[in-house]
Asker: 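Input: one structure, supplied below.
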There are 2 protein chains.
Amino acid sequence: MVNESDKAEKMTAALRKAGIRVTRQRIALLGVIADADDHPDAVELHDRARAVEPSVSLATVYRTLSVLEEQGVVHRHSFEGGGARFETAHEEHHDHILDVDTGEVIEFQSDKIEQLQDEIARELGYEVVHHRFELYCRKVRRS
Amino acid sequence: MVNESDKAEKMTAALRKAGIRVTRQRIALLGVIADADDHPDAVELHDRARAVEPSVSLATVYRTLSVLEEQGVVHRHSFEGGGARFETAHEEHHDHILDVDTGEVIEFQSDKIEQLQDEIARELGYEVVHHRFELYCRKVRRS
DNA sequence: TCTATCTTTGAGAATCGTTATCATTCTTAT
DNA sequence: ATAAGAATGATAACGATTCTCAAAGATAGA
């Protein structure tokens, strides 16, 4: 069972190993990201981090998110409308459904999609470096 | 066989039918979009349109593209990196491969993908409004 | 623990793509 | 030809993000 403080510790360990300094501001942000079970944007993360450590600026949030992304511990998603949203890089690859009414993000995983896209690319003489697969959806309501 | 001037005529007809005025600037832009067989961005379209009709401003390019998108005759794609890119709305739905080395856009169509995404959404209680499926790829080179 | 080095920081300016403002010009139906 | 209203160019404003730079802080070593 991986809890939130384990996640934060793993991320700080990754930073230390890469020779990147672990500052008060970064500790605060890592805690906030580890705790998040949604997909917050930079401003939202800034608000949450400031509640823990008031001396965190938005510039530092952006800078740290870029560092964490480079280290592969955080993923950035630029969904339609609004700014980028972030999540901890958990091991299983997944794609996203976006509820167009609520903005909620739901994760899903499909092996078929993964193999299908490789097939499609190969057939055209390409290999997939990465992909974007986002379903903009509406909840089905039963009568 | 649908040639480029047919495309432009269809688009102007769509505008007229919707009570939207057909100006010199819009005619120029429609011609340019109909001729394009790539996926140009707004600045590129502005450059091409100015070559035909010098009195086209970038603001009008953006405004007209929004109008054309609302009318469903043009599609806008926000691929990773850089601004939005545009194409005429041809009848067959398709998705895109992006060559990460050259920036080139290749279109492809897959019925399997379409039905698979509907399945995935339905299973989670959603119906797909629209989707984004982009493969960021590299050309496979044979030795 | 003290220092030296070198990274990170906050504040705000700058950037990029895009949209809004507004007075003037142009399309279109009459 | 004319009136009414839509579209225009120029430029300001915008939102998200990155950059700049002097000041503060983290880390390794003595």
Side-chain angles (χ1 to χ4, degrees), chain A residues 11-33 39-47 49-71 73-86 103, chain B residues 11-33 39-47 49-71 73-86 103:
Chain A
M11 290 196 269
T12 55
L15 293 191
R16 283 226 160 77
K17 194 167 51 168
I20 293 166
R21 295 187 179 175
V22 177
T23 64
R24 247 174 315 122
Q25 291 85 346
R26 287 178 174 170
I27 290 168
L29 185 58
L30 285 170
V32 158
I33 294 174
H39 294 69
D41 64 12
V43 171
E44 178 62 27
L45 288 169
H46 182 215
D47 289 344
R50 262 193 305 190
V52 177
E53 169 57 62
S55 77
V56 183
S57 72
L58 184 54
T60 289
V61 169
Y62 275 112
R63 272 188 296 238
T64 303
L65 285 169
S66 293
V67 170
L68 295 175
E69 194 189 7
E70 274 163 32
Q71 298 304 317
V73 298
V74 156
H75 287 158
R76 175 193 306 251
H77 301 291
S78 295
F79 300 130
E80 288 181 359
R85 302 171 66 163
F86 301 84
Chain B
M11 290 196 269
T12 55
L15 293 190
R16 283 226 161 75
K17 193 167 51 166
I20 292 166
R21 296 188 177 173
V22 178
T23 64
R24 245 172 320 118
Q25 291 85 345
R26 286 179 174 170
I27 291 168
L29 186 57
L30 285 170
V32 158
I33 294 174
H39 293 70
D41 64 13
V43 171
E44 178 63 28
L45 288 169
H46 182 215
D47 288 344
R50 262 192 306 189
V52 177
E53 169 56 61
S55 77
V56 184
S57 71
L58 183 55
T60 288
V61 170
Y62 275 113
R63 271 189 296 239
T64 303
L65 285 169
S66 292
V67 170
L68 296 175
E69 194 189 7
E70 275 161 33
Q71 298 304 317
V73 299
V74 156
H75 287 159
R76 175 194 305 253
H77 301 290
S78 295
F79 300 130
E80 288 182 358
R85 302 172 64 163
F86 301 85

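Note that the coordinates shown come from a computational prediction; the quantities given were computed from them, not determined experimentally. Every chain is numbered from 1, with letters handed out A, B, ... down the list of sequences.
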Asker: May I ask you to evaluate whether B:T23 reaches the phosphate of D:dT8, defined as a side-chain N or O under 4.0 Å from OP1 or OP2?
Answerer: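 Checking B:T23 against D:dT8: at least one side-chain N or O falls below 4.0 Å of OP1 or OP2.
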
Asker: Taking CZ from B:R16 and C1' from D:dA7, how many angstroms apart are they, rounded to a whole number?
Answerer: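 So the two atoms are 14 Å apart, to the nearest Å.
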
Asker: Send over the distance from B:E80 CD to D:dT17 P, rounded to a whole Å.
Answerer: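 Computing the B:E80:CD to D:dT17:P distance gives 14 Å.
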
Asker: Give the rounded distance in Å between these two atoms: CZ of A:R85 and C1' of D:dA16.
Answerer: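 Rounded to whole Å, this separation is 15 Å.
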
Asker: Would you call the rings of A:H75 and A:H77 parallel, tilted or perpendicular, taking 30° and 60° as the class edges?
Answerer: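 Aromatic pair A:H75/A:H77 classed perpendicular.
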
Asker: If the cut-off is 4.0 Å, is B:R63 near the phosphate of C:dT19, judged by side-chain N/O to OP1 or OP2?
Answerer: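 For B:R63, the contact criterion (side-chain N or O under 4.0 Å from OP1 or OP2 of C:dT19) is not met.
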
Asker: Base, sugar-phosphate or nothing for B:V56? Non-hydrogen atoms, less than 4.0 Å.
Answerer: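 B:V56: backbone/sugar contact only, no base atoms under 4.0 Å.
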
Asker: What's the closest nucleotide to the side chain of B:R21 if the choices are D:dG25, D:dT8, C:dT27?
Answerer: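 Per side-chain heavy atoms of B:R21, the pick is C:dT27.
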
Asker: For A:I27 and D:dA26, give me the distance from atom CD1 to atom C1', rounded to whole Å.
Answerer: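 After rounding, the gap between these two atoms is 11 Å.
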
Asker: Measure from the side-chain heavy atoms of A:Y62 and tell me the nearest of D:dA6, D:dT17, D:dG25.
Answerer: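 The answer is D:dT17.
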
Asker: Could you check B:D41 against A:R26 and say which one's nearest nucleotide on DNA chain C is further toward the 5' end?
Answerer: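 Going by which nucleotide is closer to the 5' end, it is A:R26.
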
Asker: Strictly under 3.5 Å: I want the nitrogen or oxygen pairs between protein and nucleotides 11-14 of chain D, one per line.
Answerer:
none

Asker: Expressed in angstrom and rounded to an integer, what is the separation of A:E69 atom CD from D:dT17 atom C1'?
Answerer: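 Nearest whole value for this atom pair: 13 Å.
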
Asker: Which atom pair, heavy atoms only, marks the closest approach of A:R21 to A:R26?
Answerer: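 Looks like O-NH1, 2.9 Å.
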
Asker: For the residue pair B:A42 and B:F86, what are the closest heavy atoms and their distance?
Answerer: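 Closest approach of B:A42 to B:F86, heavy atoms only: N-CE1, 4.1 Å.
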
Asker: Can you name the salt bridge (charged side-chain N to carboxylate O under 4.0 Å, His left out) partners of A:R85, sequence neighbours left out?
Answerer: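 Partners of A:R85 under the salt bridge (charged side-chain N to carboxylate O under 4.0 Å, His left out) test: none.
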
Asker: Given atom CG of B:L15 and atom P of C:dT28, what is their separation to the nearest angstrom?
Answerer: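 Taking atom P of C:dT28 as the reference, CG of B:L15 is at 10 Å.
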
Asker: Quickly work out the B:E53 CD to D:dT8 P distance and round it to whole Å.
Answerer: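 That distance rounds to 11 Å.
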
Asker: Over how many whole Å does the gap from A:R50 atom CZ to C:dA11 atom P extend?
Answerer: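 Going from A:R50 (CZ) to C:dA11 (P), I get 10 Å.
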
Asker: For a quick check under 3.5 Å, do B:R63 and B:T60 share a side-chain donor-acceptor pair by atom type?
Answerer: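 Looking only at side-chain atoms, B:T60 and B:R63 do form a donor-acceptor pair, the distance falling under 3.5 Å.
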
Asker: From B:I27 CD1 over to B:M11 CE, what is the distance, rounded to the nearest 0.5 angstrom?
Answerer: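 If I round to the nearest 0.5 Å, the distance is 12.0 Å.
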
Asker: Tell me which one of A:V67, A:T12, A:T64 satisfies side chain to side chain contact (heavy atoms under 4.5 Å, CB included) with A:I20.
Answerer: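 For A:I20, the side chain to side chain contact (heavy atoms under 4.5 Å, CB included) check succeeds only for A:V67.
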
Asker: Please work out if A:V43 contacts a base, only the sugar-phosphate, or nothing of the nucleic acid, heavy-atom cut-off 4.0 Å.
Answerer: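 If one applies the 4.0 Å heavy-atom cut-off, A:V43 turns out to touch nothing in the nucleic acid.
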
Asker: From the options D:dT17, D:dG5, C:dT5, select the nucleotide whose nearest atom is closest to the side chain of A:L58.
Answerer: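 So the nucleotide nearest the side chain must be D:dT17.
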
Asker: From the set C:dT18, D:dT27, C:dT27, return the single nucleotide nearest to any side-chain atom of B:R24.
Answerer: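 Nearest to the side-chain atoms of B:R24, counting from C-beta on, is C:dT27.
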
